[in-house]
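Just follow the structure's listing: the first ligand is 1, and inside any ligand the first atom is 1.
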Amino acid sequence: MDKIIIVGGEKLRGDVQISGAKNASLPVMVSALLAPGWSTFLNVPNLVDIKTIKKLLRNLGAKIEGEGTVRINTEDISKCEAPYDLVKTMRASVLVLGPLVARMGVARVSLPGGCAIGARPVNLHIKALQDLGAEVELKDGYVEAKARRLKGATIYFDIPTVTGTENIMMAACLADGTTLLKNAAMEPEVVNLANVLNGMGAKVTGAGTDIIRIDGVEKMHPVEAAVIPDRIEAGTFMIAVGMAGGDVRIMGCEPVHVEALTMKLRDAGMEITPFDGGIRTVAKKKIKSIDITTLPYPGFPTDLQAQMMALMSVANGLSVITETVFENRFMHVSELMRMGADILIHGNSAMVKGIPKLKGAPVMATDLRASASLILAGLAAEGKTELSRVYHIDRGYQEIEKKFSAIGANIKRVSG
Ligand code: UD1
């Protein structure tokens, strides 16, 4: 299995190009299920999760071509099932549930089960689909849903769920009548999906606010559309500059999407300057400790919590990091502590006491964002860090070691 080896201490300098967003590509690619014919999606990152969604769509009968620019044709759907082995490798596979029921009248999707960062149920997806008139049964670990035609309804999400909002927004596009999604997720990826759906002939308004209105249409048509830049990848590089020091231009990202992080990094003493085409990120001084609470967008993203904790572990002072989105997202703590970090967990908060320097160590990735935090820790640590189980990082970061190495880090991948 591959490992990533980092020798810490190099400052980061130069330009890094941000890829398309994984979390936007997945629903956007799935949306092709609603619009028979060839759709074309631009700026799709080259990641393991993208391969998984392609496999799932092909399994349903879709034809798919290309990398980066991906063409998908869902004219002939021969199966309406997302099997357990695909859903358990990637929970976002559940996104096919809504579109399949809306277009085919039936879907059978495996329940994902727990994952490293918490229980992560899909009860809100299911409840909303029932509100749209689908009959839903749980059988042999699968959600089985059917509906002759879904019917528009007002749906209230108890929690603003990102993939839940996307799933039901897609389903409602082909429903009879108007659907209102209340307490909807406001993430930029939801807006990206709504724009793609509208390009396919859907009538979606309000995406990006907490109330989304969908007026059902009879039919949708293929589209050519682009995926937004990955705000989590951009944020990871911004935090990396804080950890290693230096001056890096994060190219091709959308500054508004990382505003919550920008404000926090400025409070921590970094210089963050958006310009046309990216964000210049400079760290000259010792980082000051700041407190963080994760929240749904536009709050501070949970997907940057682990990376921020790595940064706070070498900051000046005490930081309190509170995780409110997932109940078990502190798996990186014990690995950071192996590198010398001083962290105490109390409930859903972590008290991080900054130390002058982390020390390189063999560490193990436990989930996607946790692995990113360990790479950042390695960049700032004294000596060598060896990260194993790097398949987690390959799910969501395109060639992360090449991107870091191009801006001056001493990092390489070894297979073994
Ligand atoms: C998406 C992102 C993930 C990110 C997360 C939160 C994708 C592919 N993944 O995941 O990277 O970390 O948003 O920003 O876009 N919940 C329920 N019942 C449900 C659905 C969710 O209780 O039916 C809970 C979850 O357990 C969690 C919270 O709602 O506590 C938010 O989760 P959600 O927004 O649904 O996360 P995902 O869409 O799975």
Side-chain angles (χ1 to χ4, degrees), residues 20-31 44-45 47-50 52-53 56 86-98 109 111-131 136 138 143 155-171 181 183-193 210 227-228 230-233 235-236 257-258 260-261 293-308 322-329 331-332 348 367-373 392-393 395-397:
K22 167 181 90 74
N23 284 356
S25 302
L26 298 172
V28 160
M29 288 169 71
V30 166
S31 74
V44 175
L47 301 170
V48 171
D49 273 10
I50 299 300
T52 307
I53 203 79
L56 173 56
L86 288 179
V87 182
K88 77 167 193 271
T89 35
M90 189 185 70
R91 303 176 42 83
S93 306
V94 77
L95 281 166
V96 300
L97 178 64
V109 174
L111 279 169
C115 76
I117 62 175
R120 297 183 83 179
V122 289
N123 57 315
L124 302 175
H125 302 229
I126 294 172
K127 161 79 169 56
L129 205 54
Q130 285 170 326
D131 289 344
V136 182
L138 298 184
V143 182
I155 289 161
Y156 173 78
F157 287 110
D158 290 344
I159 305 171
T161 155
V162 178
T163 47
T165 300
E166 293 164 346
N167 213 340
I168 302 308
M169 185 162 82
M170 288 191 276
L181 303 183
N183 200 24
M186 302 193 284
E187 269 68 4
E189 293 75 17
V190 174
V191 180
N192 195 184
L193 174 64
D210 60 358
V227 169
I228 57 170
D230 197 314
R231 63 195 168 96
I232 304 302
E233 188 195 19
T236 301
H257 294 172
V258 286
L261 174 69
T293 299
T294 64
L295 284 170
Y297 190 85
F300 192 92
T302 173
D303 284 352
L304 289 175
Q305 181 257 107
Q307 299 87 318
M308 207 60 186
T322 306
E323 173 61 57
T324 76
V325 179
F326 292 112
E327 73 269 25
N328 187 26
R329 206 170 197 179
M331 303 285 281
H332 43 282
N348 66 342
D367 70 65
L368 169 55
R369 307 303 171 186
S371 350
S373 79
H392 287 294
I393 201 107
R395 290 189 54 191
Y397 290 88

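- When each atom of ligand 1 is checked for a heavy atom of Asn123 under 4.0 Å away, the hits are 17 (C), 18 (N), 19 (C), 22 (O), 23 (O).
- Ligand-side atoms of ligand 1 in range of Arg329: 12 (O), range being under 4.0 angstrom from any heavy atom.
- Residue Glu327 has no nitrogen or oxygen atom sitting less than 3.5 Å from a nitrogen or oxygen atom of ligand 1, judged on distance alone.
- Thr236 and Gln307 share a donor-acceptor pair across their side chains, judged by distance under 3.5 Å alone.
- Looking at His257 and Glu187, their side chains never bring a donor and an acceptor atom within 3.5 Å of each other.
- The nearest pair of heavy atoms linking Thr163 to Leu95 is O-CD2, 3.7 Å.
- Which parts of ligand 1 touch His125 is read off a 4.0 Å heavy-atom cut-off, strictly below it: atoms 23 (O).
- The CD1 atom of Ile155 lies 8.0 Å from the NZ atom of Lys127; values are rounded to the nearest 0.5 Å.
- Applying the side chain to side chain contact (heavy atoms under 4.5 Å, CB included) test between Glu189 and each of Thr165, Val28, Asn23, Leu26 identifies Asn23 as the sole match.
- Between Glu187 and ligand 1, not a single N/O pair is under 3.5 Å apart.
- When only modelled atom types and interatomic distance are considered, His125 and Asn167 share a side-chain donor-acceptor pair under 3.5 Å.
- Checked against a 3.5 angstrom limit, the closest N/O atoms of Pro121 and ligand 1 fall inside it.
- Contact annotation: the side chain of Asp230 never approaches that of Pro45 to less than 4.5 Å [non-hydrogen atoms, C-beta and beyond].
- Ligand 1 places these atoms under 4.0 Å from at least one heavy atom of Thr302: 6 (C), 12 (O), 14 (O).
- Between Leu26 and ligand 1, no N or O atom pair is found at a separation short of 3.5 Å.
- Between Thr161 and ligand 1, an N or O atom pair is found at a separation short of 3.5 Å.
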Handout entry: Test log, rule side chain to side chain contact (heavy atoms under 4.5 Å, CB included), inputs Val143 and Leu138
Key = CA-CA 5 Å; Val143 182; Leu138 298 184; 3.9 Å; yes
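- Closest heavy-atom approach to atom 25 (C) of ligand 1 among the candidates Tyr297, Phe326, Phe157: Phe326.
- Under 4.0 angstrom from ligand 1, the non-hydrogen atoms of Asp303 all belong to its side chain.
- Residue Ile159 touches ligand 1 through its side chain alone, judged by heavy-atom distances below 4.0 Å.
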Handout entry: CA sep, side-chain torsions, deciding dist, call: Asp303, Arg329, salt bridge (charged side-chain N to carboxylate O under 4.0 Å, His left out)
Key = CA-CA 10 Å; Asp303 284 352; Arg329 206 170 197 179; 2.8 Å; yes
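- Of the N or O atoms in Glu166, none lie within a sub-3.5 Å distance of an N or O in ligand 1.
- Using a 4.0 Å cut-off to heavy atoms of Val325, the atoms of ligand 1 that qualify are 27 (C), 28 (C), 30 (O), 31 (C).
- Taking distance alone, with nitrogen or oxygen atoms compared against 3.5 Å, Lys22 stays at or beyond that limit from ligand 1.
- Side-chain contact, Arg231 with Tyr297: no donor N or O sits under 3.5 Å from an acceptor N or O.
- Residue contacts with ligand 1: Glu189 is excluded, as none of its non-hydrogen atoms falls under 4.0 Å.
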